[in-house]
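One structure is given here, and the rest of the page talks about it.
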Protein chains: 4
Amino acid sequence: MGRKSDARERLLETAARLVPERGYHGVGVQELCNVAGIKPGSFYYLFPSKQQLVIAVLEKTWEDTRNYIFTPIQTSNLSPLEKIREFFMRTCHLHAHRSSEGKPVLGCTFAVLGGELATQDQVINRKVQEIFSLFTGYFEEWITQAYEDELIALPKERIPDTAKALLCYTEGVALIARIHNDAETFSRMAEGALRLANPKK
Amino acid sequence: MGRKSDARERLLETAARLVPERGYHGVGVQELCNVAGIKPGSFYYLFPSKQQLVIAVLEKTWEDTRNYIFTPIQTSNLSPLEKIREFFMRTCHLHAHRSSEGKPVLGCTFAVLGGELATQDQVINRKVQEIFSLFTGYFEEWITQAYEDELIALPKERIPDTAKALLCYTEGVALIARIHNDAETFSRMAEGALRLANPKK
Amino acid sequence: MGRKSDARERLLETAARLVPERGYHGVGVQELCNVAGIKPGSFYYLFPSKQQLVIAVLEKTWEDTRNYIFTPIQTSNLSPLEKIREFFMRTCHLHAHRSSEGKPVLGCTFAVLGGELATQDQVINRKVQEIFSLFTGYFEEWITQAYEDELIALPKERIPDTAKALLCYTEGVALIARIHNDAETFSRMAEGALRLANPKK
Amino acid sequence: MGRKSDARERLLETAARLVPERGYHGVGVQELCNVAGIKPGSFYYLFPSKQQLVIAVLEKTWEDTRNYIFTPIQTSNLSPLEKIREFFMRTCHLHAHRSSEGKPVLGCTFAVLGGELATQDQVINRKVQEIFSLFTGYFEEWITQAYEDELIALPKERIPDTAKALLCYTEGVALIARIHNDAETFSRMAEGALRLANPKK
DNA sequence: TATGAATGAGCGTTCATTCAT
DNA sequence: CATGAATGAACGCTCATTCAT
């Protein structure tokens, strides 16, 4: 039986750190190998291609997003609208923490890769769309709850578009935060997210 | 009064067409030269670097955006809130036209380049920030007008953040439109933009 | 008396299928392992090197050639000249069968590998020469018989060169059949083989 | 106006020397650059791909073959059958000359590349077929002349196949000469070529 | 003023092979 | 007995840029 090691994991973690920061074309396979401490020839034993490594990064990043942002919110007993605000606050917190360590604000990994590769890599693009639909799923759930609790003034049929608007706003905020390298953008923009749901009074 | 060669212009137009579609790293200098029909050696006679060509693309694109979107809205006699909706409608129209010709939906050139190069090229990043502040200027003007016309329920001091929220939303919508290659996103999301301004009743 | 694993045989069969089709450099060790369903580490347990696997392919292919072409001809009671024609006909039949299944015409495995590696791998080259001398042995036997039966107008001392000429012709026909992907070349060229032996009348 | 140099020619000459000797996969782009004394990045300025360089090698090699072998024979006043023999003698001479300098016997460049890439590169394969049809053209012309001069006992309709048989024999002889690294093969096999044409008496 | 020719560094990927287990 | 894991060198090719003319 062959040797065992955490090389694959190290490579994935390295990619999950460097790719969201610099984008797909901004990080080379060689650099990933150097940083992860694996030899260049080993990359393609561990992953079939750079594309597939990035797919794995997207999946891992989604797992983290779910675990550190969505699941805690889901299992809390916050009101639906408070959940939306909490989503922004948690995102802000994570970025502020990174930022305080001198690291640049990443914004949203999915948006960064989706935007960069929209016209160039359909496999990655589809994966990003898939993850965005998971975001929208949570948003729609919260808005539906708010609708049922009569917290918002919205016709029922507008709920899906409102969830999508929330996704757009979220990704826009993340993008602007990235470009301005300013983690506080998330907290300053949280209020706008609530207004998108058109709360009563 | 000799005729000026149009090589520089052809190159700029080519870049303004290809770079927003495929991003900074997605288009090479050589390809730009081939498509524009100029010789590779001439590139660096016309522009000091790829970076500076892209700066010129950003400036040209901003000119176009101002001429085809902002100025017509400014000189119209629409109400402030209608101006916001009109901004989305005009953007939608432009993208839908391109899309009907089989071209991919670009989203916002500034966001695409800003997001891709945020951590890699401070010159381009600063130019994008500069242009975004021009966007915000228009938005703030409209919202201020709406505030003065008592169309919106917003404390005066929230106007700047609301303008910024509008920018975030705008860029988020453009990004999602790009990723889903769906020009209609703009019109479907227009309503949300208005809600961000918290209109009365 | 434990069961022997058939991994070695599967690998050999896979190589005997892929290498003649695509040549030595056209098939990689990894692909051979994938197709044969063995693990890459096992390759070098089963064979000391890619070179030696190919040597085994050459030997196996020679066995097949002897069994399916030479031996049936030897044990037939055809006249010597008919044996030469039969050699082309059998070769044609084998290639036509493969071709009818949509597979490319291989020509002669020995010539393919000998030609490709003549200046690069002396071990394989020598093996090919060795097998060619077995071909020549059969040819010389048939021509000698024809000489003794007074079927051909050839001085006795020209027999070895004529046998070699037959080998050259055979390999040339196979090569052209491969390049033109045309199995019928063998049958159309059979007549020429006879003329090489200079039959009487 | 840019600098001028013979880099392209040097690269082509280097390739025309190394590729026939070691085959397509046997020579790398880097090595070609090193030997030709050009920098690795320049290769793709001079040729669009390795494949196209080899196409140029094939064309150049054909030019040489025509100039040093076919044209002198054509313009001689040898009899048709003597032309066939002369073809082998000239080929033998060229190879023997190379061989006497310690260089390996190449055989036929077209056959080497055609055989190696028959199933892998249709562009190169087609070029080889094209050149082979030029060979056949000369052969057919000679045989037709011999037929008209009543030098050979051959029905008229067998001329095309006989020309093709001559091509097969030629390429087979070249291949065996390569594999045995023996230039004399050409002269020893010349007689066989004549017999393929079935000369009278 | 304009450009044909060239460049070194780096791209993502594949190679035949090794070795601890 | 057999293999999962790994490797360094090389693969064909593209990059943004330079410079003599």
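Nothing here was measured: the structure is a model prediction, and the numbers come from that model. Order of the sequence lines sets the chain letters (A, B, ...), proteins ahead of strands, with each chain counted from 1.
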> Do F43(A) and L53(A) have side chains that get closer than 4.5 Å, going by heavy atoms?
Replying inline: yes
> Does E13(A) reach the side chain of R17(A), with side-chain heavy atoms less than 4.5 Å apart?
Replying inline: no
> Looking at side-chain heavy atoms only, is the closest gap between F110(B) and T65(B) below 4.5 Å?
Replying inline: yes
> Would you say the side chains of Q129(C) and N125(C) form a donor-acceptor pair under 3.5 Å?
Replying inline: yes
> Got more than 12 heavy atoms from elsewhere within 6.0 Å of CD, E31(A)?
Replying inline: yes
> Separation of N34(A) atom CG from dT7(F) atom P, in whole Å?
Replying inline: 12 Å
> Is any side-chain heavy atom of H25(A) closer than 4.5 Å to a side-chain heavy atom of Q120(A)?
Replying inline: yes
Shorter than 3.5 Å, N or O on both sides, protein versus nucleotides 12-14 of chain E: list them out with atom names.
{"unit_1": "dG12(E)", "atom_1": "OP1", "unit_2": "K50(A)", "atom_2": "NZ", "d": "2.6"}
{"unit_1": "dG12(E)", "atom_1": "OP2", "unit_2": "V29(A)", "atom_2": "N", "d": "2.7"}
{"unit_1": "dT13(E)", "atom_1": "OP2", "unit_2": "Y44(A)", "atom_2": "OH", "d": "2.4"}
{"unit_1": "dT13(E)", "atom_1": "OP2", "unit_2": "K50(A)", "atom_2": "N", "d": "2.9"}
{"unit_1": "dT13(E)", "atom_1": "O5'", "unit_2": "Y44(A)", "atom_2": "OH", "d": "3.1"}

>> Rounding to an integer number of Å, can you tell me how far K39(D) NZ sits from dC15(F) P?
In response: 22 Å
>> Just so I know, are the side chains of K50(D) and V27(D) near enough to count as touching, which here means a heavy-atom distance under 4.5 Å?
In response: no
>> If you define the side chain from C-beta out and look only at heavy atoms, does anything of C33(D) sit under 4.5 Å from I38(D)?
In response: yes
> Where does DNA chain E pair, written as one dot-bracket string 5' to 3', with Watson-Crick or G-U pairs under 3.5 Å, ( ) inside the strand, [ ] for crossing pairs and | for another strand?
Replying inline: .||||||||||||||||||||
> How would you label the contact of L46(D) with the nucleic acid (heavy atoms, under 4.0 Å): base, sugar-phosphate, or nothing?
Replying inline: sugar-phosphate
> Quick one: does T119(B)'s side chain have a donor or acceptor within less than 3.5 Å of a partner on E21(A)'s backbone?
Replying inline: yes
>> Can you measure Y45(C) atom OH to dG4(F) atom C1' for me and round it to whole angstrom units?
In response: 16 Å
> Given side chains that start at C-beta, do those of W62(B) and T109(B) come closer than 4.5 Å, heavy atoms only?
Replying inline: no
> Taking CG from L11(D) and P from dA5(E), how many angstroms apart are they, rounded to a whole number?
Replying inline: 14 Å
> In residues 110-123 of chain A, which residues come under 4.0 Å of DNA chain E by heavy atom?
Replying inline: none
> Does the K127(B) side chain pair with the main chain of E59(B), one donor and one acceptor, at a distance under 3.5 Å?
Replying inline: no
>> Using heavy-atom distances to pick each residue's nearest nucleotide on DNA chain F, tell me which of R8(A) and E31(B) is more 5'.
In response: R8(A)
